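First up is the structure itself, then whatever we jot down about it.
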Amino acid sequence: MEHSQKYADTRRPQDAIDHNITGTQTVLTAAAASDRLRRLVFVSSASVYGNGNPDDWASPRDEHRTTRELLAAVYGRTVPRFTEHAPLRPLSVYANTKAFGEVQTRLLLGAVGTSHAVVRYFSVYGEPQVIKPGSHSWVVAWFAARAALGLPLQLNGGGHQVRDLVHVDDIADGTLHALACPAADGETVNIGTGCPTTIRRVAELVTAHYPGTQVREIPMPPGDPLGGCASTTHMERILRWRPRITLEDGIARYVRWLHATPAALPAWLRSETAAQPG
């Protein structure tokens, strides 16, 4: 059994709590009472790591530390590589609910001897992701949708944030390994490529498919992690597996899918196109 309860809209914290905490508790209670469940895999997120070292981030309300200073704290350094044993430092209500789910999974299922594992997804992308208004997630889908409609791409904070982008097909494959692999029992495992990519680089890869697309820099929203990439050593040892789809190939696949699926471009984004000056 795989449990991936997700509500990631940080603007509505009570909804995130209702979905990700109350919903997770309901599933775990049922799982703990079952005598037929072979294993539950709880889907967590790399967002639980935050920015890693607390010296590299500050509260969004800290008026003495600007976005530029935050970026300067990590820009030019080795990109953080998050290991499964690193301290958790969530920066949003969504990340906090995922940290809760991890602990609660081990607490409830460990107490009754039910096999369980935790997987931490890094940045998932790929068809059939469709963007949502106001969301900061799914950067490949956002950039491709805007470029397809002739809209400029928006780089939060200049696009220096780092992500470890994992194609959805690899996400599914890695999760299946966590469900079936005997060594995964009781383990927490990153699901990532170990390859850091800046948001600006993602924009470059997308605009290569849409020549002439403009790129603009905008302020970075609160709670947007500067990011890092997965340490994959533990994943490869436990699951005896690693992702296979490169980012270049994955973006090309998404662009082809978007071209073949025009309904994936939402009406509210098309209206933004109509409002653009001629």
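Note that the structure is a prediction, hence the values are computed from the model and not measured.
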How long is the span from the SG atom in Cys181 to the CD1 atom in Ile238, to the nearest 0.5 Å?
-> 7.0 Å
Same apolar cluster (I L V M F W Y, side chains within < 4.5 Å links), Leu176/Val124 = yes
State, to 0.1 Å, how close Pro243 and Asp170 come at their nearest heavy-atom pair, and which atoms those are.
-> CB-OD2, 3.5 Å
Within the distance-only criterion (no hydrogens, no angle test), does the side chain of Arg237 pair as donor or acceptor with the backbone N or O of Thr232 below 3.5 angstrom?
-> no
Tyr210 and Val255 have their tightest heavy-atom pair at OH-CG1, 3.5 Å
Might you work through the side chain to side chain contact (heavy atoms under 4.5 Å, CB included) test for Val162 and Thr197, ending with a clear yes or no?
-> CA-CA 5 Å; Val162 171; Thr197 304; over 6 Å; no
Of all residues at least two apart in sequence or in a different chain, which pass the ring pair (Phe, Tyr, Trp, His ring centres under 6.0 Å) check with His116?
-> none
Derivation and outcome, side chain to side chain contact (heavy atoms under 4.5 Å, CB included), residues Leu205 and Leu247 | CA-CA 9 Å; Leu205 291 171; Leu247 182 58; 3.7 Å; yes
Identified ring-ring contact (aromatic ring centres under 6.0 Å, His included) counterpart of His167 within the set Tyr254, Tyr125, Phe122 = Tyr125
With sequence neighbours excluded, tell me which residues meet side chain to side chain contact (heavy atoms under 4.5 Å, CB included) with Gln104.
-> Gln25, Leu28, Phe100, Leu107, Leu108
Arg89 side chain to Val48 main-chain N or O, any donor-acceptor pair under 3.5 Å?
-> no
Validation row: Val202, Arg163 side chains within 4.5 angstrom (heavy atoms) = no
Contacts of type side chain to side chain contact (heavy atoms under 4.5 Å, CB included), residue Thr207, not counting sequence neighbours | Leu153, Thr213, Val215
What are the two closest non-hydrogen atoms of Ala145 and Leu269, and how far apart are they?
-> CB-CD2, 3.9 Å
Contacts of type side chain to side chain contact (heavy atoms under 4.5 Å, CB included), residue Ala86, not counting sequence neighbours | Tyr49, Thr83
Could you tell me whether a side-chain N or O of Asn96 sits under 3.5 Å from a main-chain N or O of Leu91, the two making a donor and an acceptor?
-> no
Side chains of Tyr121 and Ser45: closer than 4.5 Å at any heavy-atom pair?
-> no
Does Asn20 reach the main-chain N or O of Thr97 with its side chain, forming a donor-acceptor pair under 3.5 Å?
-> no
List the steps and the verdict of side chain to side chain contact (heavy atoms under 4.5 Å, CB included) for Leu109 and Leu40.
-> CA-CA 9 Å; Leu109 300 190; Leu40 182 139; 3.8 Å; yes
Between Cys229 and Gly194 the two heavy atoms that sit nearest each other are SG-O, 3.8 Å
Looking at CG of Leu165 and OG1 of Thr246, how far apart are the two atoms once the value is rounded to the nearest 0.5 Å?
-> 11.5 Å
For Asp164 and Gly192, indicate whether the former's side chain and the latter's backbone hold a donor-acceptor pair under 3.5 Å.
-> no
Got a second to check how far Ile199's CD1 is from Leu155's CG, nearest 0.5 Å?
-> 8.5 Å
Asn51 side chain reached by Pro80 side chain, heavy atoms, under 4.5 Å | no
Any side-chain heavy atom of Ile191 sitting closer than 4.5 Å to one from Leu239?
-> yes
Kindly say whether Phe143 contributes a backbone atom to a donor-acceptor pair with the side chain of Gln154 at under 3.5 angstrom?
-> no
In Å and rounded to the nearest 0.5 Å, what is the CD to CG distance from Gln214 to Leu151?
-> 10.0 Å
Residue set satisfying side chain to side chain donor-acceptor pair (under 3.5 Å) with Thr26, at least two apart, ordered chain then number -> none
Is there a donor-acceptor pair under 3.5 Å between the side chain of Arg38 and the backbone N or O of Ser115?
-> no
Taking salt bridge (charged side-chain N to carboxylate O under 4.0 Å, His left out) as the test, write out the residues that go with Arg253, two or more places apart.
-> Glu127, Asp169
Please answer whether the main-chain N or O of Ala31 pairs with a side-chain N or O of Ser34 as donor and acceptor at a distance below 3.5 Å.
-> no
What pairs of residues pass the salt bridge (charged side-chain N to carboxylate O under 4.0 Å, His left out) test when at least one of them lies in residues 201-214, not counting sequence neighbours?
-> Arg201-Glu204
For Ala264, which residues count as a side chain to side chain contact (heavy atoms under 4.5 Å, CB included) partner, sequence neighbours excluded?
-> Val130, Trp257, Leu258, Thr261
Checking Asn190 side chain against Ala230 main chain: does a donor-acceptor pair fall under 3.5 Å?
-> no
Straight-line distance of Ser47 OG to Tyr94 OH, nearest 0.5 Å | 5.0 Å
Looking only at atom types and distance, does a side-chain atom of Lys98 sit under 3.5 Å from a main-chain N or O of Val43, one as donor and one as acceptor?
-> yes
For residues 103-120, pull every pair meeting salt bridge (charged side-chain N to carboxylate O under 4.0 Å, His left out), keeping only residues two or more places apart or in separate chains.
-> Glu102-Arg106, Glu102-Arg120
Locate the shortest heavy-atom distance separating Arg39 from Leu179; write the atom from each residue and the value.
-> NH1-O, 3.3 Å
State the CD-CG distance between Glu272 and Leu149, to the nearest 0.5 angstrom.
-> 9.0 Å
Nearest heavy-atom contact between Gly101 and Thr24 is CA-CG2, 4.3 Å
Sequence neighbours left out, what passes salt bridge (charged side-chain N to carboxylate O under 4.0 Å, His left out) with Arg256? Give chain and number order.
-> none
Salt bridge (charged side-chain N to carboxylate O under 4.0 Å, His left out) filter on Arg200, not counting sequence neighbours, yields Glu217
For residues 173-194, the ring-ring contact (aromatic ring centres under 6.0 Å, His included) pairs (sequence neighbours left out) are His177-Trp241
